[in-house]
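Contents: one structure, followed by commentary.
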Amino acid sequence: MRLSRYFLPILRETPKEAQIVSHRLMLRAGMIRQETAGIYAWLPLGHRVLTKICNIIREEQDRAGAVELLMPTIQPADLWRESGRYDDYGKEMLRIQDRHERDMLFGPTNEEMITEIFRGSARSYKDLPLNLYHIQWKFRDEVRPRFGVMRSREFLMKDAYSFDLDVASSVHSYNQMFAAYLRTFARLGLKAIPMRADTGPIGGKLSHEFIILASTGESEVFCHKDFLGYEAPPESTPFEDRAAMQSLFDHWTAKYAATSEMHDETAWSKIPEAERVTARGIEVGHIFHFGTKYSEPMKAVVNGPDGKEVPVQMGSYGIGPSRLAAAIIEASHDENGIIWPDAVAPFHVGIANLKAGDAATDAACVDLYAKLGRTGLDVLYDDRDERPGAKFATLDLIGLPWQVVIGPKGLAEGKIELKNRRTGLKDTLSPDEVFNKLQQFSQTMAKQA
RNA sequence: CGGGGCAUAGCGCAGCCCGGUAGCGCAUCUGCUUUGGGAGCAGAGGGUCGCAAGUUCGAAUCUUGCUGCCCCGACCA
């Protein structure tokens, strides 16, 4: 993409309403624009990041055996009257009426609807296990939206719902999602720690929150230091192997980890001081096993092998991609701007043309831009007629992993510069050497996916 | 939902106390000179001063009502 033809409304000054670093940087980098309280438009750069996050989530959901569909944002109230949550949910639910004065709502979550879809078609235990997910906009009319897309009213959520015949297989479904989440967050460049969670209004017994550590996190968290060294499950994880999934789960939940709501001072005090980690955290995922909470009232039943009808065992599994975009920035930035992990960077490489209009410089830029494009890398070519300083500042702000700096001075000696945004290390190389290094990077990226 | 604050050009702000028809920096546009870490000079464009009433010869400024947004707390992917 040529920057001169892109839409990247960078702000030099920080809008005063933005308090936390991710909000400030997202606004300054032209990723989002607030339309009203807690509701944001995703501008091109932000949209690219959001799309990449969603695609990684999607790949890992699919790998774990979940199946994608898409449910609507608007739901009929009657569905929620069946589960009893129409009255329970309170003012967080945005309630609306259509022209026939039928009660509708903008979905804050989809347990009722997925249960309705399931019961409409599934009749037999042979239809199980089943895990359906979608990535769709949700609306929760928060009393006080804040922190940009971190706590917005409208937000994107991946929500998966599992259906099983009995508790044991339902726990296996839970474990599969547990492992999928660990992989997902690791691929997003995040260190996420699962913590036992309160089940809240969704209900159920078994529940974990996935928390990433960030100094600006909203809640205080407590965990054993061993978590910091745990490796996410590999691509070869045997998702169908019940015993293997259970031991993976057991391994990840053996040590102490809790948010402040679930914190147990007695258990905590038994851990040696040197092994305790107290930090701030951001919740980026939440999974629940809630049994028959919805299947029973909503009559989502199947015939078992014995011919008897049984309500299915269910669980739900949520990740907020829009919140993740902000959370990643909270966990990865410096004073100059964002530092994107490779996998979610809106572009992998930024080429700064230090003297647009200079024939030799233009030619060198265009040549590298075209060649890199053919490797499959996403390249942003800053071909604007701006001063070098402005281009460096822009590239640092938007946080692309690699910066290629091409100017007449270096070119006179056949050299251009390759800078790594994260380390800040700069290499002065020939254009071919830069191309080879980035091609290598491209191949490494492809392997990680 | 309780408490507090703000609303003037795309962004950041001044002007308001003490009424006289709007200004600064950045950004934008034009020209020239510049070009390796947010350039200089010259010129230009852009504002129903959140909305509505009221007071007044005259309201960004005073009064009242409304709306929006932000912050702090309790609650949440």
Side-chain angles (χ1 to χ4, degrees), chain A residues 9-20 23-24 27-28 30 33-39 57 89-93 107-111 135-160 181 197-202 207-212 218-219 259 261 282-288 316-327 336-337 352-358 361 382 384-397 403-413 415-417 419 424 426 428:
Chain A
I10 299 248
L11 301 179
R12 202 157 158 173
E13 286 171 273
T14 303
K16 63 177 171 184
E17 73 272 14
Q19 296 298 306
I20 63 167
H23 192 195
R24 288 200 292 262
L27 289 169
R28 286 200 53 217
R33 183 182 170 83
Q34 179 171 331
E35 295 303 331
T36 184
I39 297 181
I57 291 171
Y89 219 94
K91 289 190 168 175
E92 292 223 332
M93 181 186 281
T109 178
N110 285 61
E111 279 83 5
I135 300 176
Q136 176 63 290
W137 294 94
K138 305 295 190 291
F139 195 91
R140 293 183 191 174
D141 203 353
E142 294 277 346
V143 191
R144 192 183 154 208
R146 64 189 120 163
F147 303 149
V149 296
M150 188 81 86
R151 162 115 10 122
S152 50
R153 294 194 292 170
E154 187 183 55
F155 60 98
L156 194 57
M157 183 160 87
K158 184 287 299 182
D159 38 329
Y181 274 36
D198 193 11
T199 50
I202 304 217
S207 176
H208 286 86
E209 287 179 7
F210 289 79
I211 306 280
I212 62 163
E218 288 188 77
S219 48
T259 58
E261 299 94 59
I282 301 169
E283 180 185 349
V284 290
H286 202 158
I287 61 179
F288 304 85
S316 73
Y317 315 90
I319 294 182
S322 49
R323 169 180 281 191
L324 267 172
N336 295 321
N353 181 333
L354 293 195
K355 193 166 185 179
D358 175 77
T361 310
D382 188 349
R384 297 171 306 163
D385 183 19
E386 287 285 348
R387 297 178 64 82
K391 298 196 173 193
F392 295 138
T394 297
L395 282 177
D396 283 347
L397 175 63
Q403 300 176 7
V404 180
V405 177
I406 302 180
K409 286 184 190 169
L411 277 181
E413 292 160 23
K415 300 291 185 187
I416 62 177
E417 186 181 289
K419 177 182 158 188
K426 299 173 189 173
T428 303

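Residue numbers begin at 1 in each chain, while the letters A, B, ... track the order of the sequences.
In this entry B/rU21 has no Watson-Crick or G-U wobble partner, no candidate having both defining distances under 3.5 Å. In a base pair of the Watson-Crick type (N1 to N3 plus N6-O4 or O6-N4) or a G-U wobble (N1-O2 and O6-N3), with each distance short of 3.5 Å, B/rU34 is matched with no nucleotide. With a cut-off of 3.5 Å on both pairing distances, B/rC75 has no Watson-Crick or G-U wobble partner at all. Under the Watson-Crick and G-U wobble criteria, each requiring two contacts below 3.5 Å, nucleotide B/rC51 is paired to B/rG65. Partner assigned to B/rU28 is B/rA44, using Watson-Crick or G-U wobble distances below 3.5 angstrom.
The interatomic distance linking A/H23 (NE2) with B/rC11 (P) rounds to 13 Å, in whole Å. Here the P atom of nucleotide B/rC76 and the CZ atom of A/F147 are 15 Å apart, to the nearest Å. Note: CG (A/D385) to P (B/rU35) measures 12 Å, nearest angstrom. Rounded to a whole Å, the CG atom of A/D141 is 16 Å from the P atom of B/rA77. B/rG36 atom P lies 8 Å from atom CG of A/L354, rounded to whole Å. Rounded to a whole Å, the CZ atom of A/R140 is 5 Å from the C1' atom of B/rA77. In this entry the distance linking CD of A/E283 with C1' of B/rC76 reads 8 Å, nearest Å. In this entry the distance linking CG of A/N336 with P of B/rG37 reads 14 Å, nearest Å.
The salt bridge (Lys or Arg N to Asp or Glu O under 4.0 Å) check on A/R153 picks up A/D141, with sequence neighbours excluded. The salt bridge (Lys or Arg N to Asp or Glu O under 4.0 Å) test applied to A/D159 returns A/K138, not counting sequence neighbours. With sequence neighbours excluded, no residue forms a salt bridge (Lys or Arg N to Asp or Glu O under 4.0 Å) with A/R24. By the side-chain hydrogen bond (donor to acceptor under 3.5 Å, both in side chains) test, A/Q34 is found to be paired with A/Y40, residues two or more places apart in sequence or in another chain being considered. Qualifying side-chain hydrogen bond (donor to acceptor under 3.5 Å, both in side chains) partners for A/K158, counting only residues two or more places apart in sequence or in other chains: A/Q61, A/Y181. Every residue was checked against the ring pair (Phe, Tyr, Trp, His ring centres under 6.0 Å) condition with A/F147, not counting sequence neighbours, and none meets it. Taking A/R28 as the reference, nothing meets the side-chain hydrogen bond (donor to acceptor under 3.5 Å, both in side chains) condition, with sequence neighbours excluded. Under the rule for a salt bridge (Lys or Arg N to Asp or Glu O under 4.0 Å), the partners of A/K419 that lie at least two apart in sequence or sit in another chain are A/D396.
B/rG65 and B/rG20 have their P atoms separated by 25 Å, given to the nearest Å. Look at the C1' atom in both B/rU56 and B/rC72: the space between them is 40 Å, to the nearest Å. Straight-line distance between the C1' atoms of B/rG3 and B/rU61: roughly 28 Å, to the nearest whole Å. Of the C1' atoms belonging to B/rG47 and B/rG10, the separation is 12 Å, rounded to the nearest Å. Here the separation of B/rA22 from B/rG38, taken at their P atoms, is 37 Å to the nearest Å. Taking atom C1' in both B/rU21 and B/rG5, the straight-line distance is 29 Å, to the nearest Å. B/rG31 and B/rG23: their P atoms are spaced 27 Å apart (whole Å). Taking atom C1' in both B/rC17 and B/rC26, one finds a spacing of 29 Å when rounded to whole Å.
Not one side-chain nitrogen or oxygen of A/T36 sits closer than 4.0 Å to the OP1 or OP2 atom of B/rG68. The side chain of A/Q34 contributes an N or O atom lying less than 4.0 Å from OP1 or OP2 of B/rC70.
For the pair A/K419 and A/L11, both in contact range of RNA chain B, the more 5′-proximal nearest nucleotide belongs to A/L11. Each of A/M150 and A/K355 has a nearest nucleotide on RNA chain B; the 5'-most of these lies closest to A/K355.
Closest to the A/F392 side chain, of the nucleotides B/rG38, B/rG37, B/rA77, is B/rG37. Closest to the side chain of A/K16, from the set B/rC70, B/rC13, B/rU34, is B/rC13. Here the side chain of A/R151 is nearest to one of B/rU34, B/rG12, B/rC76, namely B/rC76. With B/rC71, B/rC69, B/rA77 as the candidates, the nucleotide lying closest to the side chain of A/R146 is B/rC71. Of the candidate nucleotides B/rC1, B/rC70, B/rG38, B/rC70 has the atom nearest to the side chain of A/A37. The side chain of A/E218 lies closest to B/rC76, out of B/rC76, B/rC69, B/rA77. For A/M157, whose side chain is taken as the heavy atoms from C-beta onward, the closest listed nucleotide among B/rA77, B/rG36, B/rU35 is B/rA77. Of the listed nucleotides (B/rG12, B/rC1, B/rG37), B/rC1 has the atom at the smallest distance from the side chain of A/V143.
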Distances under 3.5 Å between protein N/O atoms and the N/O atoms of nucleotides 46-48 of chain B, please, pair by pair.
none

Output a table of nitrogen or oxygen pairs between the protein and nucleotides 42-45 of chain B separated by less than 3.5 Å.
none

- Where protein sits on nucleotides 25-32 of chain B, one letter per nucleotide: B base, S sugar-phosphate only, - none, heavy atoms under 4.0 Å: BSS-----

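Interface remark: the A/R144 side chain does not form any donor-acceptor pair with the B/rC75 base, using a distance-only criterion of under 3.5 Å. For B/rG38, the base has a donor-acceptor partner in the side chain of A/R28 [N/O atoms by modelled type, under 3.5 angstrom].
Taking the ring centroids of A/H286 and A/F288, they lie under the 6.0 Å cut-off.
Contacts of A/D159 with the nucleic acid, taken as non-hydrogen atoms under 4.0 Å apart, are absent. Looking at heavy-atom distances under 4.0 Å, A/T14 makes contact with sugar-phosphate atoms alone, never a base.
With centroids closer than 5.5 Å and planes inclined by less than 30 degrees as the test, A/F155 and the base of B/rA77 pass as a stacked pair.
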Going by atom type alone, with no hydrogens or angles, which donor-acceptor pairs under 3.5 Å involve a side-chain atom of residues 13-20 of chain A and a protein atom two or more places apart or on another chain?
{"residue": "A/Q19", "atom": "NE2", "partner": "A/K16", "partner atom": "O", "Å": "3.4"}

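Residue A/L395 comes nearest to A/A352 through the heavy atom pair CD1-CB, 3.9 Å, listed as atom of the first residue, atom of the second, then distance. Considering all non-hydrogen atoms of both residues, A/P108 and A/M157 come closest at O-CE, 4.4 Å. The two residues A/I287 and A/S207 come nearest to each other via the heavy atoms O-OG, 3.0 Å.
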- Query: How far apart are the C-alpha atoms of A/E154 and A/S152, what are their side-chain angles, what is the distance that settles it, and do they pass the side chain to side chain donor-acceptor pair (under 3.5 Å) test?
  - Reply: CA-CA 6 Å; A/E154 187 183 55; A/S152 50; over 6 Å; no

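Side chain to side chain, A/T428 and A/E417 fail the donor-acceptor criterion of an N or O pair below 3.5 Å.
A/K391 contributes a side-chain N or O that, together with a main-chain N or O of A/R384, makes up a donor-acceptor pair within less than 3.5 Å.
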